[in-house]
Chemist: 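Below you'll find the structure I mean.
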Amino acid sequence: MNPNTVPLVIRSWAQVAPIAREAAVLFYGNLFSADPSLKPLFRSQNMEAQGARLMQMIGAAVGKLNDLPTLVPILQQLGHRHADYGVQDAHYATVGGALLKTLGQGLGAAFTPEVEAAWTEVYGVMAKVMMEAAHAPA
């Protein structure tokens, strides 16, 4: 990864964290707008709680970006679980698009091309780890 990637993601996430509840609402709105067929994959009827878990998970992952030996097994477990829920490889691109759109909405002018590139890189690496794990024997 580019040496500036992790610091940019960490700093920008610190700006999103205070508006996590609103960011979660934006994210799921963006996700279901991009692909309404994904909604049944979310078994929780309480999307506010689901959003809180999502924001907590993203925050935890961002917090472990400088500790890949800890982060990678967590992402692998998440990839296995997502496969059990019916998540397909193509869904990761949709989620990534919704995440970037949400970050742009939440960060406004602070969502610079450099920040966008950093998030794109980090999400791409995380999604790759999760997809590989989803296809590996449990």
Side-chain angles (χ1 to χ4, degrees):
M1 272 195 270
N2 178 318
N4 294 324
T5 296
V6 171
L8 280 171
V9 168
I10 291 170
R11 281 195 305 271
S12 60
W13 184 252
Q15 293 173 284
V16 173
I19 60 161
R21 176 181 277 170
E22 296 87 349
V25 170
L26 287 171
F27 172 80
Y28 286 113
N30 292 331
L31 181 66
F32 299 144
S33 176
D35 188 349
S37 73
L38 294 179
K39 198 163 191 169
L41 294 178
F42 294 86
R43 296 183 179 128
S44 172
Q45 296 300 314
N46 185 343
M47 289 308 289
E48 186 173 335
Q50 175 72 32
R53 285 191 298 273
L54 172 70
M55 292 295 119
Q56 182 181 20
M57 186 224 24
I58 294 172
V62 168
K64 294 290 182 193
L65 285 174
N66 286 316
D67 184 9
L68 293 181
T70 300
L71 179 58
V72 168
I74 293 167
L75 293 174
Q76 290 169 330
Q77 291 171 355
L78 195 56
H80 281 296
R81 281 201 319 263
H82 281 162
D84 291 342
Y85 299 148
V87 173
Q88 314 259 323
D89 286 356
H91 297 153
Y92 284 91
T94 307
V95 168
L99 175 63
L100 291 173
K101 184 174 182 178
T102 301
L103 290 166
Q105 292 166 320
L107 292 170
F111 193 61
T112 63
E114 294 80 16
V115 170
E116 181 177 9
W119 275 98
T120 300
E121 184 177 6
V122 164
Y123 179 78
V125 170
M126 289 182 176
K128 182 176 187 269
V129 169
M130 292 171 65
M131 285 186 284
E132 288 173 354
H135 295 290

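Sequence positions, counted from 1, serve as the residue numbers for this chain.
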Chemist: In Å and rounded to the nearest 0.5 Å, what is the NZ to CG distance from K101 to L103?
Modeler: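 Answer rounded to 0.5 Å: 12.5 Å.
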
Chemist: Under 4.5 Å between any side-chain heavy atoms of N4 and E114, yes or no?
Modeler: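 Not in contact.
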
Chemist: So, the side chain of Q105 versus the backbone of L26: is there a donor-acceptor pair under 3.5 Å, distance only?
Modeler: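 Side chain of Q105 to backbone of L26: no pair is present.
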
Chemist: With a 4.5 Å heavy-atom cut-off, do N66 and I10 have their side chains touching?
Modeler: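 They are in side-chain contact.
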
Chemist: So which atom in P73 and which in P69 form the shortest heavy-atom distance, rounded to 0.1 Å?
Modeler: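 Here P73 and P69 meet closest at CD-O, 3.1 Å.
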
Chemist: With a 6.0 Å cut-off on the ring centroids, do F32 and F42 count as close?
Modeler: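 Centroid separation for F32 and F42: below 6.0 Å.
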
Chemist: Decide yes or no for L8 and W119: does some side-chain heavy atom of the first lie under 4.5 Å from some side-chain heavy atom of the second?
Modeler: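 A side-chain contact under 4.5 Å is absent here.
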
Chemist: Please lay out, stage by stage, how K39 and Y28 fare under the test side chain to side chain contact (heavy atoms under 4.5 Å, CB included).
Modeler: CA-CA 9 Å; K39 198 163 191 169; Y28 286 113; over 6 Å; no

Chemist: For G79 and Y92, which heavy atoms make the closest approach, and how far apart are they?
Modeler: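 Answer, listing the atom of G79 first, then Y92: CA-OH, 4.2 Å.
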
Chemist: Apply the test side chain to side chain contact (heavy atoms under 4.5 Å, CB included) to residues M55 and R21: give CA-CA distance (whole Å), side-chain angles for both, the deciding distance (0.1 Å), then the verdict.
Modeler: CA-CA 8 Å; M55 292 295 119; R21 176 181 277 170; over 6 Å; no

Chemist: What distance do M57 atom CE and I74 atom CD1 have between them, rounded to the nearest 0.5 Å?
Modeler: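 That separation rounds to 11.0 Å.
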
Chemist: Heavy atoms only: give me the nearest Q15-A110 pair and the separation to one decimal.
Modeler: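 Taking Q15 first and A110 second, the nearest heavy atoms are NE2-CB, 3.8 Å.
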
Chemist: Look at the side-chain heavy atoms of Ile, Leu, Val, Met, Phe, Trp and Tyr, link any pair under 4.5 Å apart, and say whether V87 and M131 land in one connected group.
Modeler: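 Looking at the clustering, M131 is in the same group as V87.
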
Chemist: How long is the span from the CE atom in M130 to the NE2 atom in H80, to the nearest 0.5 Å?
Modeler: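 One finds 11.0 Å between CE of M130 and NE2 of H80.
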
Chemist: Answer yes or no: is there a donor N or O on one side and an acceptor on the other, between the side chain of Y123 and the main chain of V95, under 3.5 Å?
Modeler: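 Such a contact is absent between Y123 side chain and V95 backbone.
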
Chemist: If I compare all heavy atoms of A98 with all of F27, which pair ends up nearest, and what's the gap?
Modeler: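 Closest approach of A98 to F27, heavy atoms only: CB-CE1, 3.7 Å.
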
Chemist: To the nearest 0.5 Å, tell me how far R53 CZ sits from I58 CD1.
Modeler: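 Spacing of CZ (R53) from CD1 (I58) equals 13.0 Å.
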
Chemist: Taking atom types as modelled and ignoring hydrogens, do the side chains of H135 and D89 form a donor-acceptor contact shorter than 3.5 angstrom?
Modeler: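 Yes, D89 and H135 have a side-chain donor paired with an acceptor closer than 3.5 Å.
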
Chemist: How many angstroms lie between atom CD of Q76 and atom CD of E132, to the nearest 0.5 angstrom?
Modeler: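 Rounded to the nearest 0.5 Å, the CD-CD separation comes to 8.5 Å.
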
Chemist: Within the structure provided, determine whether L71 and M126 are in side-chain contact (heavy-atom separation under 4.5 Å).
Modeler: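 Contact flag for L71/M126 side chains = yes.
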
Chemist: Check whether any side-chain heavy atom of V9 lies under 4.5 Å from a side-chain heavy atom of E121, and answer yes or no.
Modeler: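 Answer no - side chains too far apart.
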
Chemist: How far does CG of N30 sit from CG of L100, to the nearest 0.5 angstrom?
Modeler: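 So the gap between those two atoms works out to 10.5 Å.
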
